[in-house]
Amino acid sequence: MTFTDKLALVTGGSSGIGLAIARELAQQGAKVIITGRDPQKLDRAARKIGSGVSAHVVDVAKVADIERLFEAIRSEHGRLDIVVPNAGGTKPAILGSITEQHVDETLATNVKGVLFTVQGALPLMQGGGSIVVIGSASSISPPVGMGVYGAAKAAVRNLVRCWIQEIRGSGVRINVVSPGPTRTPGLDAFVRADQAEAVFASMAEQSTVGRIGEPEDIARAVAFLASDAAGNINGVELFVDGGITQI
Ligand SMILES: NC(=O)c1ccc[n+]([C@@H]2O[C@H](COP(=O)([O-])OP(=O)(O)OC[C@H]3O[C@@H](n4cnc5c(N)ncnc54)[C@H](OP(=O)(O)O)[C@@H]3O)[C@@H](O)[C@H]2O)c1
């Protein structure tokens, strides 16, 4: 299997895209560490992923939580091979209704959380490895209400372009996988239950492949970029969005 003897960290691995990534890496032989804020969600996810998984309660908006996580990984394993900063999300807010709290929370989870996850992981990746950050098609074409979130995801793309120069020669690659609309509890929360069918049908229509994304679509792209098959790919943003950002 591709990731035999590899140790992978997936933040936000208790739901949706992160859970699918954790399962994919585990199925390909990796030992997986998942994080999230809700311990019960983490327990349920760990059971779905199966043996070899460990779970840590971490709020990525809190740097102290992230530092505690890496201290635990350092003392237990001493290394990391694959890191997927995936924890993220937002609530919609349109111009005129945007609050300071909305900006602070969105940037803390989607930018600060990614930054301190990558910075904390790198000292544990002395043997090389792969970091795959989860961005969003909103970094290119943010829908109404997703301006701050889209800006946060665009910031992540720019950070990665800088970081690959700053860690040149380390043996660590960093890439971004940016999903389009993907069926997860996170996406479901945006849509009123009585309108869900129509909204998801319209999203499928916008896609050039005629369907909405599934978490496994993202997981397979992450697994590819994390693997040695992608050894000469660094700093790219790979959109897994049915082509919506390309038209
Ligand atoms: N689904 C889509 O259509 C879509 C499209 C583009 C990009 N994305 C991106 O894909 C990633 C995953 O989204 P998803 O749709 O799978 O969402 P989801 O189903 O809501 O799952 C989000 C995961 O992140 C964790 N999380 C959220 N905030 C956190 C925080 N502050 N600290 C630690 N963990 C946190 C959640 O656990 P807790 O709630 O327990 O903390 C959960 O495990 C996000 O970065 C999102 O922006 C999703």
Side-chain angles (χ1 to χ4, degrees), residues 9-24 32-46 48-49 53 55-69 84-92 104-117 120 132-143 145-146 148-157 176-191 196 199-200 202-204 206-207 211-219 221-222 237-242 244-245:
L9 166 67
V10 182
T11 71
S14 61
S15 173
I17 289 169
L19 175 56
I21 294 167
R23 286 175 98 161
E24 178 71 29
V32 180
I33 300 163
I34 57 171
T35 70
R37 290 165 301 181
D38 179 339
Q40 289 177 340
K41 259 163 75 175
L42 278 169
D43 281 350
R44 283 196 297 274
K48 284 183 190 158
I49 297 163
V53 67
H56 294 254
V57 176
V58 174
D59 182 345
V60 296
K62 296 181 181 155
V63 175
D65 273 24
I66 297 175
E67 287 174 350
R68 253 196 310 279
L69 168 71
V84 186
N86 159 79
T90 192
K91 294 190 179 88
D104 288 349
E105 285 178 2
T106 304
L107 295 183
T109 306
N110 296 284
V111 181
K112 189 171 82 172
V114 170
L115 192 164
F116 284 96
T117 299
V132 185
V133 180
I134 303 304
S136 171
S138 293
S139 73
I140 298 285
S141 46
M146 303 294 270
V148 178
Y149 171 76
K153 292 294 193 177
V156 163
R157 170 176 56 239
V176 182
V177 167
S178 284
T182 305
R183 277 308 291 267
T184 65
L187 183 67
D188 287 347
F190 274 99
V191 182
V199 171
F200 293 134
S202 142
M203 286 175 175
Q206 283 167 39
S207 158
R211 68 172 176 86
I212 192 169
E214 295 296 335
E216 291 71 22
D217 293 319
I218 312 304
V222 169
E237 182 170 23
L238 174 58
F239 291 94
V240 183
D241 64 352
I244 59 168
T245 49

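Computed from a predicted model, the values in this text were never measured in an experiment. For ligands, and for the atoms within them, numbers begin at 1 and follow the listed sequence.
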Enquirer: Distance check, rounded to the nearest 0.5 Å: Gln40 atom CD versus Leu42 atom CG?
Expert: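 The distance works out to 10.5 Å.
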
Enquirer: Does any non-hydrogen side-chain atom of Val222 lie less than 4.5 Å from one of Ile134?
Expert: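 When only atoms from C-beta onward are counted, Val222 and Ile134 do touch, with a gap below 4.5 Å.
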
Enquirer: Where do Pro39 and Val57 come nearest, in terms of heavy atoms and distance?
Expert: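 So the two residues come closest at CB-CG2, 4.0 Å.
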
Enquirer: Can you see which heavy atom on Ile17 is nearest to which on Pro215, and at what distance?
Expert: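 Residues Ile17 and Pro215, closest heavy atoms: CA-CB, 4.1 Å.
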
Enquirer: Run the contact test for Gly135 against ligand 1 with a 4.0 Å cut-off on heavy atoms, strictly below, and give the result.
Expert: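 In this structure, Gly135 qualifies as a contact of ligand 1 - some heavy atom is under 4.0 Å.
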
Enquirer: Check contact between Lys153 and ligand 1, using heavy atoms of the residue and a distance below 4.0 angstrom.
Expert: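 True for this residue.
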
Enquirer: Mind checking the CG-CG spacing from Leu115 to Leu107? Nearest 0.5 Å is all I need.
Expert: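 Interatomic distance, Leu115 CG to Leu107 CG, rounded to 0.5 Å: 12.0 Å.
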
Enquirer: Can you report which non-hydrogen protein atom sits closest to atom 28 (N) of ligand 1, along with the distance?
Expert: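 Atom 28 (N) of ligand 1 sits closest to the protein heavy atom Arg37 NH2, 3.2 Å.
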
Enquirer: Could you check whether any side-chain heavy atom of Thr184 comes within less than 4.5 Å of a side-chain heavy atom of Pro179, counting everything from C-beta outward?
Expert: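 Heavy-atom side-chain distance check fails, nothing below 4.5 Å.
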
Enquirer: Would you mind listing which atoms of ligand 1 come within a distance below 4.0 Å of any non-hydrogen atom of Gly180?
Expert: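 Listed by number with element, the hits are 3 (O), 5 (C).
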
Enquirer: Identify, for atom 19 (O) of ligand 1, the protein heavy atom at the shortest distance, and state residue, atom and that distance.
Expert: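 Looking only at protein heavy atoms, the one closest to atom 19 (O) of ligand 1 is Ser15 OG, 2.7 Å.
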
Enquirer: Atom 45 (O) of ligand 1: which protein heavy atom is closest, and how many Å away?
Expert: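 I find the closest protein heavy atom is Asn86 O, 2.7 Å.
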
Enquirer: Tell me the protein heavy atom at minimum distance from atom 31 (N) of ligand 1, and give that distance in Å.
Expert: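 Result for atom 31 (N) of ligand 1: Asp59 OD1, 2.9 Å.
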
Enquirer: Which residue from Thr182, Thr117, Asp241 reaches closest to atom 2 (C) of ligand 1 through any of its heavy atoms?
Expert: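 Checking each option, the heavy atom nearest atom 2 (C) of ligand 1 is found in Thr182.
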
Enquirer: With respect to atom 4 (C) of ligand 1, which of Thr184, Val57, Leu42, Ile17 exhibits the smallest heavy-atom separation?
Expert: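 When every heavy atom of Thr184, Val57, Leu42, Ile17 is considered, Ile17 comes closest to atom 4 (C) of ligand 1.
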
Enquirer: Working note: Leu69 + Leu9, criterion side chain to side chain contact (heavy atoms under 4.5 Å, CB included); need CA distance, chi angles, decisive distance, verdict.
Expert: CA-CA 10 Å; Leu69 168 71; Leu9 166 67; 4.1 Å; yes

Enquirer: Between atom CG of Asp65 and atom OG1 of Thr117, what is the distance when rounded to the nearest 0.5 Å?
Expert: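 Nearest 0.5 Å value for the CG-OG1 distance: 10.5 Å.
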
Enquirer: Distance from Glu216 atom CD to Ile21 atom CD1, nearest 0.5 Å?
Expert: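 If I round to the nearest 0.5 Å, the distance is 10.5 Å.
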
Enquirer: Show the atoms of ligand 1 that are less than 4.0 angstrom away from any heavy atom in Tyr149.
Expert: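 Reading through ligand 1 atom by atom, the close ones are 6 (C), 7 (C), 8 (N), 9 (C), 46 (C), 47 (O).
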
Enquirer: So if I count the atoms of ligand 1 from 1 in the order they appear, which ones are less than 4.0 Å from some heavy atom of Pro181?
Expert: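 Counting from 1, the qualifying ligand atoms are 3 (O).
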
Enquirer: List the closest protein heavy-atom neighbour of atom 35 (C) of ligand 1: residue, atom name, distance to the nearest 0.1 Å.
Expert: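 Checking every protein heavy atom, the shortest distance to atom 35 (C) of ligand 1 gives Ala87 CB, 3.6 Å.
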
Enquirer: Mark up the atoms of ligand 1 that fall under 4.0 Å of a heavy atom belonging to Gly36, in ascending order.
Expert: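 Counting from 1, the qualifying ligand atoms are 34 (N), 41 (O).
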
Enquirer: With heavy-atom distances below 4.5 Å as the criterion, would you say the side chains of Val240 and Val177 are in contact?
Expert: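 Yes, their side chains come closer than 4.5 Å.
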
Enquirer: If we only count N/O pairs under 3.5 Å, is Gly18 in contact with ligand 1?
Expert: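 Looking only at distances, the answer is no, because the N/O contact criterion of under 3.5 Å is not met.
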
Enquirer: Measure Thr109 to ligand 1 on non-hydrogen atoms and call it side chain, backbone, both or neither using the 4.0 Å cut-off.
Expert: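 Answer for Thr109: side chain.
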
Enquirer: As an exercise, state the distance from OG1 of Thr109 to CG of Asp104, rounded to the nearest 0.5 Å.
Expert: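 Thr109 atom OG1 to Asp104 atom CG measures 10.5 Å (nearest 0.5 Å).
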
Enquirer: Nearest protein heavy-atom contact for atom 22 (C) of ligand 1: which residue, which atom, what distance?
Expert: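 Answer, as residue, atom name and distance: Gly88 O, 4.3 Å.
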
Enquirer: Check each atom of ligand 1 against the heavy atoms of Gly186 and keep those under 4.0 Å away; list them by number with element.
Expert: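 Per the distance check, 17 (O), 18 (P), 19 (O), 20 (O).
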
Enquirer: Side chain or backbone of Leu19 under 4.0 Å from ligand 1, or both, or neither, by non-hydrogen atoms?
Expert: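 It is neither part, as no heavy atom is under 4.0 Å.
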
Enquirer: Taking C-beta and beyond as the side chain, do Arg157 and Ile140 meet within less than 4.5 Å on heavy atoms?
Expert: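 A side-chain contact exists here, since the closest heavy-atom pair is under 4.5 Å.
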
Enquirer: What atoms of ligand 1 come within less than 4.0 Å of a heavy atom belonging to Ser14?
Expert: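 Reading through ligand 1 atom by atom, the close ones are 37 (O), 42 (C), 43 (O).
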
Enquirer: Just need the protein heavy atom nearest to atom 33 (C) of ligand 1, so name the residue and atom and give the distance.
Expert: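 Answer, as residue, atom name and distance: Val58 O, 3.1 Å.
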
Enquirer: Look up atom OG1 in Thr182 and atom CE in Met203, then write down how far apart they are to the nearest 0.5 Å.
Expert: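 If I round to the nearest 0.5 Å, the distance is 9.5 Å.
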
Enquirer: Run the numbers for me: atoms of ligand 1, each under 4.0 Å from some heavy atom of Ile134, listed by number.
Expert: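 This gives 9 (C), 10 (O), 11 (C) as the contact atoms.
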
Enquirer: Considering heavy atoms of the protein only, find what lies nearest to atom 25 (C) of ligand 1 and give residue, atom and distance to 0.1 Å.
Expert: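 Sorting protein heavy atoms by distance from atom 25 (C) of ligand 1 puts Gly12 CA, 3.6 Å first.
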
Enquirer: Check Lys41 against ligand 1 and report side chain, backbone, both or neither, counting heavy atoms closer than 4.0 Å.
Expert: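 The part of Lys41 near ligand 1 is the side chain, not the backbone.
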
Enquirer: Glu237 versus Thr245: any side-chain heavy-atom pair under 4.5 Å?
Expert: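 Answer no - side chains too far apart.
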
Enquirer: Between Pro179 and ligand 1, find which residue part has any heavy-atom pair under 4.0 Å and reply side chain, backbone, both or neither.
Expert: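 Both backbone and side chain.
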
Enquirer: Within the 4.0 Å heavy-atom shell around Asp38, which atoms of ligand 1 are there?
Expert: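 In order of numbering, the contacting atoms are 40 (O).
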
Enquirer: Do Ser178 and Lys153 make a side-chain contact, defined as non-hydrogen atoms from C-beta onward lying under 4.5 Å apart?
Expert: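 No - every pair of side-chain heavy atoms lies 4.5 Å or more apart.
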
